[in-house]
Amino acid sequence: MKDIYGVIPYNGKEYRIAFNLNAMAEIQEEYGTINAWSDLTDREEPDAKAMIFGIRAMLNEGIDITNEENGTNDPPLTLKQ
């Protein structure tokens with residue numbers, strides 16, 4: 001299993017995104033399996049709720065990693081954010 005990391009710029013700030021075991025576990029908890037989530041997101045018209053949930057999980061994992069590395073305490077994102 002290879003972890004995937006990246007950065008998403010938004011409003012002049014860069015947000016780290018991480019698709020790792022922690023993000024996968026959160027997605028599995030919500031959708032049962034990564035494949036079930038992937039079936040909803042990897043199609044011609046993706047399920048918006050599933051996309052939002054997965055992206056938020058990956059962004060929050062990035063926030064957790066950044067907080068740990070930098071000693072910061074940025075709060076996690078909500079589904080609405």
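None of the values given here were measured: they were computed from a predicted structure. Counting begins at 1 with the first residue of the sequence.
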Practice item. Please work out which of the three classes, parallel, tilted or perpendicular, describes the rings of Y15 and Y10, given edges at 30° and 60°. Key: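 Y10 and Y15: tilted rings.
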**Asked** Cluster question for you: counting only ILVMFWY and a side-chain heavy-atom cut-off of under 4.5 Å, with indirect links fine, are Y5 and V7 together?
**Response** no
- [ ] Decide whether I65 and I4 are clustered together by the hydrophobic rule: side chain heavy atoms of Ile, Leu, Val, Met, Phe, Trp, Tyr closer than 4.5 Å, transitively.
- [x] no
Between [X] and [Y], which heavy-atom pair has the shortest distance, and what is it?
X: R56; Y: L77; result: CD-O, 3.4 Å
X: I63; Y: P75; result: CD1-O, 3.8 Å
X: A18; Y: A23; result: O-CB, 3.6 Å

In sequence, state the C-alpha distance, the side-chain angles, and the governing distance for L59 and I8, and then conclude on side-chain contact (heavy atoms from CB on, under 4.5 Å). CA-CA 9 Å; L59 284 167; I8 295 176; 4.2 Å; yes
I'd like to know if the side chain of [X] reaches the main chain of [Y], judged simply by a donor and an acceptor atom lying under 3.5 Å from each other, with no hydrogens or angles considered.
X: E69; Y: T66; result: no
X: N70; Y: T72; result: no
X: N67; Y: D74; result: yes

So OG1 of T78 and CG of N60: to nearest 0.5 Å the spacing works out to 8.5 Å
Can you find a heavy atom in the side chain of F53 that is under 4.5 Å from one in the side chain of L40?
->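 Side-chain contact under 4.5 Å: no.
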> Stepwise, does the side-chain contact (heavy atoms from CB on, under 4.5 Å) test hold for D47 with W37?
Replying inline: CA-CA 9 Å; D47 182 289; W37 174 77; over 6 Å; no
Inset, instruction - Walk me through it: do T41 and Y31 pass the test side-chain contact (heavy atoms from CB on, under 4.5 Å)? - result: CA-CA 12 Å; T41 60; Y31 290 93; over 6 Å; no
After noting the C-alpha distance and the side-chain angles of E26 and E61, does the key distance pass the side-chain contact (heavy atoms from CB on, under 4.5 Å) rule? CA-CA 10 Å; E26 187 173 344; E61 182 60 19; over 6 Å; no
Under 6.0 Å from the CD atom of Q81, do we count more than 12 heavy atoms belonging to anything else shown?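 Check passes, neighbour count above 12.
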